[in-house]
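Since the structure is predicted, the reported quantities are computational estimates derived from the model, not experimental observations.
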Amino acid sequence: MPRPYTLFTGQWADLPFEEVARLASGWGYDGLEIAVSGDHLDAWRWDEPGYVESKLAILEKYNLKVWAISNHLKGQAVCDDPIDFRHQAIVGSKVWGDGDPEGVRQRAAEEMKHTARLAKALGVDTVVGFTGSSIWQYVAMFPPVPEKVIEAGYQDFADRWNPILDVFDENGVRFAHEVHPSEIAYDYWTTVRTLEAIGHREAFGLNWDPSHFMWQGIDPVSFIWDFKDRIYHVDCKDTKLRFTGRNTVMGSHLAWGDPRRGWDFVSAGRGDVPWEASFRALTAIGYNGPISIEWEDAGMDRLHGAPEALAALKKFDFPASQTSFDAAFSQD
């Protein structure tokens, strides 16, 4: 059976939820990965009478479904250090409160618990998001950083996220962490160490988004195979690499879309992600969940790009053979 295609609404949170649903339906998407952002979803209203029903009614009106919701922005604040003006711009007034850093972290953690409850109310078993990290600030490892500081960072992650994951378990919901720079797990080996830090508990898995692998030099196909029991969700965004000797991996503090950058996010199908090999790997590990298009391209109008990306990715994704190789070539 073909995998469903959804549109991640995070980049569309400036539009009313019903308008995004209308657009996605018209473009041929099967559903939405709904972000807890804008008026799309509010995790604090998870038990408000009629709230969840109103969102499901909009989906039904446009013949859409939901298989996962996301809360990247509040998840970011759970472990981050420092907490500063960047977080104030993304977490909303309820989580920001008076801006006291530990208070922000605690309120962000509470919202992540509510997000699990909201997912259950919506009939969804996966929440996609970020974790934040108290040690990303030390990624350059200079001035020198003692190993005990790094160990303390992973322990801080475990101490803050295990109580959140307890609520996920209570509600039969899984967290799919997006491996991404600025998070506790941002590449291959930090993913290994993150899973170890929480004892490989089943409530914590991964959201596979290859766009963040490409510019780091991580093989997105091998990542699927090596973490095959942890691929809980798939977000598709593309990256175009332009390493010229002047344009470099660090981005040079340049804005998205600047041609002096060494890489940039582009509409899916226009970058360097090996989509066919990736989809074949997802099929090989038995992933039948949604393919969610996280559309992002600073040089393209999104109303053009979102339907184009859907058509582009579907060319590389196809049903698996129903006949094994051995059976196909067996003789009577």
Enquirer: Centroid separation under 6.0 Å, is that true for the rings of F175 and H233?
Expert: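 For H233 and F175, the ring centres are not under 6.0 Å apart.
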
Enquirer: So, applying salt bridge (charged side-chain N to carboxylate O under 4.0 Å, His left out) with D166, which one of K113, R201, R160 is it?
Expert: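 Of the listed residues K113, R201, R160, the salt bridge (charged side-chain N to carboxylate O under 4.0 Å, His left out) partner of D166 is R201.
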
Enquirer: For residues 274-285, which residue pairs pass the side-chain hydrogen bond (donor to acceptor under 3.5 Å, both in side chains) check, not counting sequence neighbours?
Expert: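 Of all non-adjacent pairs touching residues 274-285, those that pass side-chain hydrogen bond (donor to acceptor under 3.5 Å, both in side chains) are R3-T283, D238-W275, E276-R280.
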
Enquirer: Is it true that, when you exclude E60 itself, more than 12 heavy atoms of the residues, nucleotides or ligands shown sit nearer than 6.0 Å to its CD?
Expert: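 Atom CD in E60 is not crowded, with 12 or fewer foreign heavy atoms closer than 6.0 Å.
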
Enquirer: Taking atom types as modelled, find out whether Q216 and H212 have a side-chain donor-acceptor pair closer than 3.5 angstrom.
Expert: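 There is no such pair (donor and acceptor under 3.5 Å, judged by atom type) between the side chains of Q216 and H212.
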
Enquirer: Verify side chain to side chain contact (heavy atoms under 4.5 Å, CB included) between W161 and T194, making sure each step is shown before the conclusion.
Expert: CA-CA 11 Å; W161 273 90; T194 295; over 6 Å; no

Enquirer: Are side-chain heavy atoms of K240 and R270 found at a separation under 4.5 Å?
Expert: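 With C-beta onward as the side chain, the pair stays apart.
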
Enquirer: Is the centre of the H177 ring less than 6.0 Å from the centre of the F157 ring?
Expert: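 Between H177 and F157, the centre distance exceeds or equals 6.0 Å.
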
Enquirer: What verdict does the side chain to side chain contact (heavy atoms under 4.5 Å, CB included) test give for V124 and V173, after you've listed the backbone C-alpha separation in whole Å, the side-chain angles of each residue and the deciding distance to 0.1 Å?
Expert: CA-CA 7 Å; V124 168; V173 177; over 6 Å; no

Enquirer: Is any side-chain heavy atom of I69 closer than 4.5 Å to one of K55?
Expert: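 The answer is no, as the side chains (C-beta and beyond) never meet within the 4.5 Å cut-off.
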
Enquirer: Flag yes if V221 and V273 sit in one hydrophobic cluster, no otherwise; membership is Ile, Leu, Val, Met, Phe, Trp, Tyr, and two members link when side-chain heavy atoms are under 4.5 Å apart.
Expert: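 No.
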
Enquirer: What closest approach, in Å, do N247 and P259 show between heavy atoms, and which atom pair accounts for it?
Expert: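 Nearest heavy atoms, N247 then P259: ND2-O, 3.0 Å.
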
Enquirer: Please give me the minimum heavy-atom distance between R105 and D80, naming the atom from each residue.
Expert: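 Where R105 meets D80 most closely, the heavy atoms are NE-O, 2.8 Å.
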
Enquirer: Salt bridge or not between E111 and K94? Use side-chain N to carboxylate O under 4.0 Å.
Expert: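 Looking at E111 and K94, the cut-off is not met.
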
Enquirer: Between the side chain of D272 and the main-chain N/O of L241, is any donor-acceptor distance below 3.5 Å?
Expert: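 Yes, D272 side chain to L241 backbone: donor-acceptor pair under 3.5 Å.
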
Enquirer: Under the side chain to side chain contact (heavy atoms under 4.5 Å, CB included) criterion, do L122 and L41 qualify, and how do the steps go?
Expert: CA-CA 11 Å; L122 286 162; L41 283 177; 4.1 Å; yes

Enquirer: I'd like to know if the side chain of Y51 reaches the main chain of D42, judged simply by a donor and an acceptor atom lying under 3.5 Å from each other, with no hydrogens or angles considered.
Expert: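 Yes; judged by distance alone, with no hydrogens or angles, the pair exists.
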
Enquirer: For a 4.5 angstrom cut-off between non-hydrogen side-chain atoms, does W27 reach L303?
Expert: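 With C-beta onward as the side chain, the pair touches.
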
Enquirer: Taking V127 as the starting point, is it possible to reach V78 by hopping between hydrophobic residues whose side chains are less than 4.5 Å apart?
Expert: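 Yes, one cluster joins them.
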
Enquirer: Under 4.5 Å between side-chain heavy atoms, counting indirect links through other Ile/Leu/Val/Met/Phe/Trp/Tyr residues: same cluster for F213 and W189 or not?
Expert: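 Hydrophobic grouping puts F213 with W189.
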
Enquirer: For A158, does its backbone N or O pair with a side-chain atom of N162 as donor and acceptor, under 3.5 Å?
Expert: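 Here the side-chain-to-backbone pair exists.
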
Enquirer: Are F223 and W208, when compared by the centres of their aromatic rings, separated by less than 6.0 Å?
Expert: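 No, too far apart.
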
Enquirer: Working to the nearest 0.5 Å, report the span between CG of L64 and CG of D30.
Expert: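 The distance works out to 8.5 Å.
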
Enquirer: Hey, does L32 have a side-chain heavy atom less than 4.5 Å from the side chain of L7?
Expert: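 L7 vs L32: side chains touch.
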
Enquirer: As an exercise, state the distance from NZ of K237 to CG of D297, rounded to the nearest 0.5 Å.
Expert: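 Those atoms lie 11.0 Å apart.
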
Enquirer: Under 4.0 Å between a Lys/Arg side-chain N and an Asp/Glu carboxylate O for R107 and E110?
Expert: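 Salt bridge absent between R107 and E110.
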
Enquirer: Has D100 got more than 12 heavy atoms of other residues, nucleotides or ligands less than 6.0 Å from its CG?
Expert: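 It does: D100 CG has more than 12 such atoms within range.
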
Enquirer: Would you please test Y188 and F227 for ring pair (Phe, Tyr, Trp, His ring centres under 6.0 Å) and show each step?
Expert: CA-CA 10 Å; Y188 188 98; F227 295 100; 5.2 Å; yes

Enquirer: Could you tell me whether E202 atom CD has more than 12 heavy atoms of other residues or ligands within 6.0 Å of it?
Expert: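 No, because the 6.0 Å sphere around CD of E202 holds 12 heavy atoms or fewer from other groups.
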
Enquirer: If we ignore hydrogens and angles and just use 3.5 Å, is the side chain of Y5 paired with the main-chain N or O of G28 as donor and acceptor?
Expert: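 Judged by distance alone, no pair lies under 3.5 Å.
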
Enquirer: Around W225, counting heavy atoms of other residues, nucleotides and ligands shown, do more than 12 lie under 6.0 Å from its CH2?
Expert: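 It does not: W225 CH2 has 12 such atoms or fewer within range.
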
Enquirer: I want to check something: taking the side chain as every heavy atom from C-beta on, are H114 and V36 in contact at a cut-off of under 4.5 Å?
Expert: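 When only atoms from C-beta onward are counted, V36 and H114 do not touch, as no gap falls below 4.5 Å.
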
Enquirer: Do V52 and W46 make a side-chain contact, defined as non-hydrogen atoms from C-beta onward lying under 4.5 Å apart?
Expert: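 V52 does not reach W46 side chain to side chain.
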
Enquirer: Nearest heavy-atom pair of S70 and E33: which atoms, and what distance?
Expert: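 Answer, listing the atom of S70 first, then E33: CB-OE2, 3.4 Å.
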
Enquirer: Out of curiosity, L282 CG to I224 CD1, how far, rounded to the nearest 0.5 Å?
Expert: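 It comes to 4.0 Å.
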
Enquirer: Are Q11 and W295 packed together at the side-chain level, in the sense that at least one heavy-atom pair is separated by less than 4.5 angstrom?
Expert: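 With C-beta onward as the side chain, the pair stays apart.
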
Enquirer: To the nearest 0.5 Å, tell me how far M112 CE sits from T131 OG1.
Expert: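 The OG1 atom of T131 is 9.5 Å from CE of M112, to the nearest 0.5 Å.
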
Enquirer: To the nearest 0.5 Å, what is the distance between NE2 (H180) and OG (S133)?
Expert: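 Taking NE2 in H180 and OG in S133, the distance rounds to 13.0 Å.
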
Enquirer: On a heavy-atom basis, which atom in F279 and which in I291 lie closest, and how many Å separate them?
Expert: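 Taking every non-hydrogen atom into account, CE2-CD1, 3.8 Å.
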
Enquirer: Between E151 and K148, is there a side-chain N and carboxylate O pair less than 4.0 Å apart?
Expert: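 No, no charged N to carboxylate O under 4.0 Å.
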
Enquirer: For D81 and I135: C-alpha separation, side-chain torsions, deciding distance, then whether side chain to side chain contact (heavy atoms under 4.5 Å, CB included) applies.
Expert: CA-CA 8 Å; D81 186 12; I135 53 176; over 6 Å; no

Enquirer: Looking only at heavy atoms, what is the nearest atom pair of P220 and P210, with distance?
Expert: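 The pair with the smallest heavy-atom distance is CB-CB, 3.9 Å.
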
Enquirer: Could you measure the distance from the CG atom of D156 to the OG atom of S134? Nearest 0.5 Å is fine.
Expert: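 Result: 4.5 Å between the selected atoms.
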
Enquirer: Treating R242 as the side-chain partner and R260 as the backbone partner, does any N or O pair qualify as donor plus acceptor under 3.5 Å?
Expert: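 Not at all, since once roles are kept as given, no pair shorter than 3.5 Å links the two residues.
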
Enquirer: Under a 3.5 Å distance rule, please check whether T9 uses its side chain to pair with a backbone N or O of A35 as donor and acceptor.
Expert: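 Yes, because the side chain of T9 sits within donor-acceptor range (under 3.5 Å) of the backbone of A35.
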
Enquirer: Quick one: does S25's side chain have a donor or acceptor within less than 3.5 Å of a partner on R22's backbone?
Expert: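 Pair absent, no side-chain N/O of S25 close to backbone of R22.
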
Enquirer: Taking only residues at least two apart or on different chains, which pairs with a member in residues 170-187 satisfy salt bridge (charged side-chain N to carboxylate O under 4.0 Å, His left out)?
Expert: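 Found none.
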
Enquirer: Would you call D47-R117 a salt bridge at under 4.0 Å N-O?
Expert: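 The answer is no: the pair does not qualify as a salt bridge.
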
Enquirer: Testing the basics here: between W215 and V249, what is the closest heavy-atom pair and its distance to 0.1 Å?
Expert: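 Closest approach of W215 to V249: O-CG2, 3.1 Å.
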
Enquirer: In terms of side-chain geometry, is the basic nitrogen of E147 or R193 positioned less than 4.0 Å from the acidic oxygen of its partner?
Expert: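 Judged by the 4.0 Å cut-off on N to carboxylate O distance, E147 and R193 do form a salt bridge.
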
Enquirer: Does a side-chain heavy-atom distance below 4.5 Å link L59 with F17?
Expert: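 In short, these two side chains touch, coming nearer than 4.5 Å.
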
Enquirer: Check for me, please, whether V95 and F130 land in the same ILVMFWY cluster - side-chain distances under 4.5 Å, paths through other members count.
Expert: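 No; tracing contacts between hydrophobic side chains, which count when under 4.5 Å, never links both residues.
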
Enquirer: Let me check something: do Y232 and L195 share a hydrophobic cluster, defined by ILVMFWY side-chain heavy atoms less than 4.5 Å apart, either directly or through other members?
Expert: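 No, no single cluster joins them.
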
